[in-house]
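Accompanying notes for the structure given below.
The figures that follow rest on heavy atoms only: side chains count, while hydrogens, waters and symmetry mates do not.
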Amino acid sequence: MSETVHNRIAVLRAERGISRRQLADALGVHYQTVGYLERGEFRPSLHLALRIAAYFEVPVEVVFSIEPFPRIGTGVGRSDRAS
C-alpha cells in the first residue's frame, strides 16, 4: 500500500490567487510547510488537513487523496465520443 498523500493545494491556491505565504499565515504554519505539502514532501496531520479544507471551503477529499488525482483535461468523467 502506498503511503503517498496526493493533494490539490497548489491548484486551489492558483484558482484563488493566494500565495504560499498568505495560505501559511491563514493556517498558522511556516510558508515552507505549504511548499512541502504541495510537493508531497510532508504529509499533514488530520487537523491540518481539515483546516486546509476549511480554508478553501471544500470537503477534505477535494484537497487530499491516497489515489492520484486525474490530470486536468484528460477527459476523465466526460464523454468525448463523436456522435
Side-chain angles (χ1 to χ4, degrees):
M1 180 182 345
S2 174
E3 293 187 21
T4 301
V5 176
H6 304 275
N7 72 77
R8 290 182 169 146
I9 297 170
V11 172
L12 292 165
R13 275 195 319 98
E15 286 176 352
R16 290 161 173 81
I18 299 166
S19 71
R20 284 183 179 163
R21 190 170 300 275
Q22 288 171 312
L23 178 58
D25 289 347
L27 298 172
V29 299
H30 194 276
Y31 76 92
Q32 288 179 327
T33 300
V34 175
Y36 294 143
L37 287 165
E38 290 179 351
R39 292 187 301 273
E41 296 172 6
F42 175 72
R43 286 184 294 169
S45 66
L46 176 58
H47 185 255
L48 181 55
L50 292 169
R51 287 181 21 228
I52 293 168
Y55 177 84
F56 289 115
E57 299 178 328
V58 297
V60 71
E61 58 270 15
V62 168
V63 185
F64 297 98
S65 175
I66 56 173
E67 298 295 325
F69 289 104
R71 292 183 56 97
I72 295 172
T74 60
V76 175
R78 294 185 345 220
S79 177
D80 289 330
R81 286 184 251 163
S83 300

Could you pull out all residues at least two apart from P59 that satisfy side chain to side chain contact (heavy atoms under 4.5 Å, CB included)?
E61, V62
Test of understanding: with side chain to side chain contact (heavy atoms under 4.5 Å, CB included), list the residues that count as partners of R16, not counting sequence neighbours.
L12, I18, F56, V58
If you count the non-hydrogen atoms of other residues, nucleotides and ligands that lie under 6.0 Å from CZ in R39, is the total more than 12?
yes
For atom CD of E57, is the number of surrounding heavy atoms from other residues, nucleotides or ligands below 6.0 Å larger than 12?
no
Enter the distance from I9:CD1 to Y55:OH here, rounded to the nearest 0.5 Å.
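Interatomic distance, I9 CD1 to Y55 OH, rounded to 0.5 Å: 12.0 Å.
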Can you tell me how far CG of D25 sits from CD of Q22, rounded to the nearest 0.5 angstrom?
8.0 Å
Of the non-hydrogen atoms in [X] and [Y], which two are nearest, and what is the gap between them?
X	Y	value
A49	V60	O-CG2, 3.8 Å
R43	V5	CD-CG2, 3.4 Å
E67	S65	O-OG, 2.8 Å

Flag the pair V11 / F69 as yes when at least one side-chain heavy-atom distance between them is below 4.5 Å, and no otherwise.
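Of all side-chain heavy-atom pairs linking F69 with V11, none is under 4.5 Å.
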With heavy-atom distances below 4.5 Å as the criterion, would you say the side chains of N7 and I52 are in contact?
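In short, these two side chains do not touch, never coming nearer than 4.5 Å.
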Hey, does the Lys NZ or Arg CZ of R21 hover above the aromatic six-ring of Y31, less than 6.0 Å from the centre and inside 45° of the axis?
yes
Residue pairs passing the salt bridge (charged side-chain N to carboxylate O under 4.0 Å, His left out) test where at least one lies in residues 4-14, sequence neighbours excluded:
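Only R13-E38 qualify under salt bridge (charged side-chain N to carboxylate O under 4.0 Å, His left out).
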